[in-house]
Amino acid sequence: MRYPSKFPRFLASFVVLALISGSTLLVLADKKKDKDREKSLRQETSDQFLKKWLEQDVIYIITDEEKAAFKRLTTDDERYQFIEQFWLRRDPSPDTIENETRDEHYRRIAYSNERFASGKPGWKTDRGRIYITWGPPDQIESH
């Protein structure tokens, strides 16, 4: 197809170029929004994890001094380092990969939630608190 002049061909090329540029800008804007959303979600998830760790996971075993030290920390990196050190101090065999104390603690929480829940999570009940703190009983009497 022949155009009577060069102007319509230039105009068509310009329109195509504008459409491509516009869609590229939209894609870049969407990627930036996705990165911002991901960063926000990561921060929110991190905040939730740290709050849950302090207020639920170790509430019965953390000392007042440790809790105060944790609250004084200013960055998430420092808090994660604190958590790692918290469990390392309690590890009976630091030469192994597993931390038996941490694994047993979370097993006790899961058991409490499974067995002692009564309108609230098992870890919040008196029976759950005792089980998490002291472990399974030495003997059980059934009547």
Side-chain angles (χ1 to χ4, degrees), residues 1 3 6-143:
M1 172 182 222
Y3 292 103
K6 291 186 178 183
F7 181 75
R9 189 179 304 161
F10 169 75
L11 185 60
S13 299
F14 180 74
V15 168
V16 169
L17 184 61
L19 288 173
I20 292 172
S21 298
S23 63
T24 302
L25 290 175
L26 288 175
V27 168
L28 291 175
D30 285 344
K31 284 184 180 181
K32 182 172 178 0
K33 284 180 188 175
D34 288 345
K35 284 182 182 180
D36 290 346
R37 247 184 261 130
E38 182 180 320
K39 183 178 178 183
S40 174
L41 180 60
R42 202 175 323 122
Q43 182 64 39
E44 183 178 314
T45 304
S46 176
D47 291 346
Q48 289 172 345
F49 170 80
L50 294 169
K51 184 176 180 179
K52 179 184 177 288
W53 184 83
L54 186 62
E55 295 177 359
Q56 292 181 22
D57 293 356
V58 297
I59 191 168
Y60 303 133
I61 64 170
I62 193 167
T63 66
D64 291 337
E65 294 82 20
E66 288 172 324
K67 193 173 194 175
F70 185 82
K71 288 183 175 183
R72 282 193 304 268
L73 300 174
T74 56
T75 67
D76 285 350
D77 288 337
E78 290 174 340
R79 292 180 187 104
Y80 284 112
Q81 183 66 30
F82 178 92
I83 292 171
E84 187 176 324
Q85 292 300 314
F86 175 88
W87 290 116
L88 282 174
R89 284 191 299 276
R90 288 160 173 78
D91 190 358
S93 52
D95 298 335
T96 63
I97 295 174
E98 294 90 21
N99 184 326
E100 296 82 4
T101 303
R102 182 189 60 220
D103 295 345
E104 175 63 13
H105 179 73
Y106 283 106
R107 188 198 63 75
R108 289 177 184 181
I109 291 173
Y111 183 87
S112 296
N113 286 336
E114 182 181 310
R115 299 290 176 121
F116 305 135
S118 60
K120 57 183 171 181
W123 70 268
K124 282 187 171 184
T125 64
D126 290 338
R127 291 170 64 189
R129 180 178 48 82
I130 297 298
Y131 187 84
I132 291 167
T133 304
W134 300 103
D138 294 333
Q139 62 184 25
I140 299 173
E141 289 184 23
S142 297
H143 299 282

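Bear in mind the structure is a predicted one, so any value in this text is a computation, not a measurement.
Here I97 pairs with nothing under the side-chain contact (heavy atoms from CB on, under 4.5 Å) rule; sequence neighbours left out. With sequence neighbours excluded, the residues that form a side-chain contact (heavy atoms from CB on, under 4.5 Å) with Q85 are Q81, L88, R89. By the side-chain hydrogen bond (donor to acceptor under 3.5 Å, both in side chains) test, N99 pairs with no residue at all, sequence neighbours left out. Every residue two or more places apart in sequence or in another chain that forms a side-chain contact (heavy atoms from CB on, under 4.5 Å) with E141 is listed here: Q139, H143.
Legend: side-chain hydrogen bond (donor to acceptor under 3.5 Å, both in side chains) pairs involving residues 121-137, not counting sequence neighbours, sorted by first then second residue: R107-Y131. Residue pairs meeting the salt bridge (charged side-chain N to carboxylate O under 4.0 Å, His left out) criterion with at least one member in residues 92-101: none, sequence neighbours excluded.
By the 4.0 Å N-to-carboxylate-O rule, R79 lies close enough to D76 to be salt-bridged with it. The pair K52-D57 meets the salt-bridge criterion, since a charged nitrogen lies less than 4.0 angstrom from a carboxylate oxygen.
Taking each heavy atom of S112 and I132 in turn, the nearest pair found is OG-CG1, 3.6 Å.
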| query | After noting the C-alpha distance and the side-chain angles of Q56 and I109, does the key distance pass the side chain to side chain contact (heavy atoms under 4.5 Å, CB included) rule? | reply | CA-CA 9 Å; Q56 292 181 22; I109 291 173; over 6 Å; no
| What do the steps show when you test L50 against I83 for side chain to side chain contact (heavy atoms under 4.5 Å, CB included), and what is the final call? | CA-CA 9 Å; L50 294 169; I83 292 171; 3.7 Å; yes
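Here I59 contributes atom CD1 and I61 contributes atom CD1; the two are 11.0 Å apart, rounded to the nearest 0.5 Å.
For E78 (side chain) and T74 (main-chain N/O), a donor-acceptor pair under 3.5 Å exists by modelled atom type.
The aromatic rings of W87 and W53 sit perpendicular to each other, their planes meeting at more than 60°, with 30° as the lower class boundary.
Under the 6.0 Å distance and 45° angle rule, R90 counts as a cation-pi partner of F86.
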